[in-house]
> 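Pasting in a structure now, in structure tokens, and then I'll have a few things to ask.
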Amino acid sequence: MTISRETAINLVLALLLLAVPFIAMQLGKPFYVTLATRMAILGLAAIGLNIALGLGGLVSFGHAAFFGIGGYAAGILASHAFSGQPLDFGLFAVPGSKLMPVIWAAAILAGGLLAAAIGSISLRTSGVYFIMITLAFAQMTYYFAISWPAYGGEDGLSITIRSTFPGVNTLVPQNYFLICYALLVVGLVLFALLRDSRFGAALQASRQNEVRVASVGIAPFRIKLVAFVISGMITALAGALYADLNRFVSPSMLSWHMSGEFIVLIILGGVGRLCGPLAGAMLFVMFEYILGGLTERWQFFLGLLLLGVVLFARGGLIGLLAGRARHG
Amino acid sequence: MAEAVLAIRDLCKSFGALRATENVSIDLVPGEIHALIGPNGAGKSTLIHQIAGTLKPDSGEIEFLGKPVSHIGAAERARMGLGRSFQVSSLAPEFSALRNVMLAVQSRQGTSFRFFKPVMRDATLVEPAMAALERAGLKDRARVAAAELSHGERRQLEIAIALALGSRAFLLDEPMAGMGPEGSKTLTGFLDGLRREAPILLVEHDMDAVFALADRISVLVYGRVIATGTVDEIRSDPEVRRAYLGGAE
Ligand SMILES: Nc1ncnc2c1ncn2[C@@H]1O[C@H](COP(=O)(O)OP(=O)(O)O)[C@@H](O)[C@H]1O
Ligand SMILES: [Mg+2]
């Protein structure tokens, strides 16, 4: 069996990220483990967006809403577990939790519900209107979080102690990295399966030509809505991981900067490419760390890089290294 | 005459002050090729769009397989068996010819919400799609991206897609346009046999093809059907000659 150039590059990227924490510990620089974990989490969040944006052509400028709701799901459940107070939903109440699998499930559920609500309205528009309406919805969640004092409001919500995973000491940074890395790999596998499946075919075709999709008897709206929900669920899961990494959630996770960052990651790495989000996240975090240490204005240079990619390397890093995508 | 597969009654559509479709009533019966001719801008494509469901008529009725379909969308009409080709071809440009047809096959099977099995290794998709491409004469070009096909080949691909849908009626909007004389001849022969599978509403400017193929012809001028009849009736109709054929011959 021969593997394609893109597959080889993807494997190198994935192994490179896996190696970072071990090298970091050898060098006695544990902070790099946190950087690698950030790369994995932002990569996963952007994989979620890549389903909507890359496969479906849905330029969502509101994915921070899903990232943030995942983060708040983690923060809120952890804070109730800490206080012992159940979470009161009016009709029923649920106990808090410190268990990561429970928190992840809650984050995925919340992200999916929010995406279904936002998607069912915003997917009736397209183009610039879609971009604006997703932005508007995300800003609504942002202002809601700021004005909601129960969970910290503007100040955010601290997670006293990182949540637990059966059989793993999550307080060891390398262990937490491995958990996030494993979920990143799950996200990549899911993306690859989805892209090559019948659903993926219908989704990618609706990006290319909605009239064609309808003319063969597939309603594009339903395809796009389901894609948007799956996309929101994955980004929400990443949000829960991010909250546990920082042991803190705040409205900034919901802000439009965050949404923009996800789009930037994907453009840097390669829109619609399997490892585009990962490549973008690795570049972005590296850039932020190295340049951020040298100058306050590192985002100016990030802007230059982005401009270069958009003008000269439309396929992003993956496109530059592996050539154009092929559809078979 | 047999029960109509497709029946259009009193259809009207205006774009502002322009009456693109005016009280049009035509039908399509099993086994026939019904040609729709008329000068540019007569409203032929507009009519096809309304039948297919991509454009909403202002008033009138469209019945397909005995059911009124005016209130249902394009995707559902396609699933019922209305296959169409566009005047300006409308395909998924990045996908290969094969994948364009496979999309129709999965729609026909109702399996677009399957998330895990890779399509390219799925014989239940690839084989029917290949068979449709072969019938439309495009088998050798199966792996070429739709964007890289010639104009004529894109038309053939649209027909292959309609075949793969298992269409119960075909709406073909100028399928010969952009084809060389050889291609037109081959397609004429193909459509001749296709009518036995499902009737065809054929919009076409190539009069040789129309006269060779049509069981009936309707002439559309300024949104109105000015005549319907057999080839001989239409050829000898004075009003048609004046309004349309006169200029061409
Ligand atoms: N979407 C539209 N909006 C406004 N006018 C249109 C539209 N589509 C078609 N028309 C007009 O309707 C008339 C009929 O067009 P069309 O159906 O394309 O004609 P044909 O296919 O017979 O050449 C033309 O005058 C055309 O300019
Ligand atoms: Mg036309």
> Set out, in order, the CA-CA distance, both residues' side-chain angles and the distance that settles side-chain contact (heavy atoms from CB on, under 4.5 Å) for B:V126 and B:V119, then state yes or no.
CA-CA 8 Å; B:V126 176; B:V119 288; over 6 Å; no
> Looking at B:N100, B:T54, B:L91, which has the largest count of heavy-atom pairs under 4.5 Å with chain A?
B:L91
> Go through A:W104 and A:L241 one step at a time and tell me if the side-chain contact (heavy atoms from CB on, under 4.5 Å) criterion holds.
CA-CA 8 Å; A:W104 298 343; A:L241 296 175; 3.5 Å; yes
> Roughly how far apart are A:I9 CD1 and A:L317 CG, rounded to 0.5 Å?
8.0 Å
> Apply the test salt bridge (charged side-chain N to carboxylate O under 4.0 Å, His left out) to residues B:R99 and B:E94: give CA-CA distance (whole Å), side-chain angles for both, the deciding distance (0.1 Å), then the verdict.
CA-CA 9 Å; B:R99 291 206 67 173; B:E94 295 165 25; over 6 Å; no
> I would like to know whether A:T134 and A:S122 meet side-chain contact (heavy atoms from CB on, under 4.5 Å); could you show each step before the answer?
CA-CA 6 Å; A:T134 48; A:S122 49; 3.9 Å; yes
> Before giving the answer on salt bridge (charged side-chain N to carboxylate O under 4.0 Å, His left out), spell out for B:E158 and A:R212 the whole-Å C-alpha distance, their side-chain angles and the decisive distance to 0.1 Å.
CA-CA 10 Å; B:E158 294 204 334; A:R212 169 41 70 197; 3.5 Å; yes
> Using heavy-atom distances under 4.5 Å, tell me whether B:A104 contacts chain A through its side chain, its backbone, both, or neither.
both
> Counting N and O atoms only, with roles assigned by atom type, does the side chain of B:D173 sit under 3.5 Å from a partner on the main chain of B:V203, one being a donor and the other an acceptor?
no
> Quick one, A:F137 with A:I121, criterion side-chain contact (heavy atoms from CB on, under 4.5 Å). Give me CA distance, side-chain angles, the key distance, then yes/no.
CA-CA 10 Å; A:F137 274 118; A:I121 296 170; 3.9 Å; yes
> Just by distance, with hydrogens left out, do B:H151 and B:S89 show a side-chain donor and acceptor under 3.5 Å apart?
no
> Using 0.5 Å steps for rounding, measure from the OG atom of A:S215 to the CG atom of B:L171.
10.0 Å
> Can you pull out the residues in residues 225-234 of chain A with any heavy atom less than 4.5 Å from chain B?
A:V226, A:I230
> Less than 3.5 Å apart, any donor N or O on the side chain of B:H49 or B:T46 sitting next to an acceptor on the other?
no
> Out of A:F66, A:F61, A:F67, which one pairs with A:F262 under the ring pair (Phe, Tyr, Trp, His ring centres under 6.0 Å) rule?
A:F67
> For B:E127, is the CD atom crowded, meaning more than 12 foreign heavy atoms sit under 6.0 Å from it?
no
> Within residues 55-88 of chain B, which positions have a heavy-atom distance to chain A below 4.5 Å?
B:A74, B:A75, B:A78, B:R79, B:R84, B:F86
> With only heavy atoms counted, which part of B:I161 is less than 4.5 Å from chain A, the side chain, the backbone, both or neither?
side chain
> Which distance, rounded to the nearest 0.5 Å, do you find between the CG of A:L11 and the SG of A:C275?
8.0 Å
> Flag the one option from B:D122, B:L125, B:L98 with the top tally of heavy-atom pairs under 4.5 Å to chain A.
B:L125
> Among residues 181-207 of chain A, which residues come closer than 4.5 Å to chain B, judged by heavy atom distances?
A:L190, A:L193, A:L194, A:D196, A:S197, A:R198, A:F199, A:A201, A:A202, A:Q204, A:A205, A:R207
> Assess whether atom OH of A:Y129 is packed by more than 12 heavy atoms of other residues, nucleotides or ligands within 6.0 Å.
no
> Heavy-atom pairs under 4.5 Å with chain A are the metric here; pick the option from B:S167, B:A145, B:S112, B:A162 that has the most.
B:S112
> Is there any residue in residues 192-199 of chain B with a non-hydrogen atom under 4.5 Å from a non-hydrogen atom of chain A, and which ones are they?
none
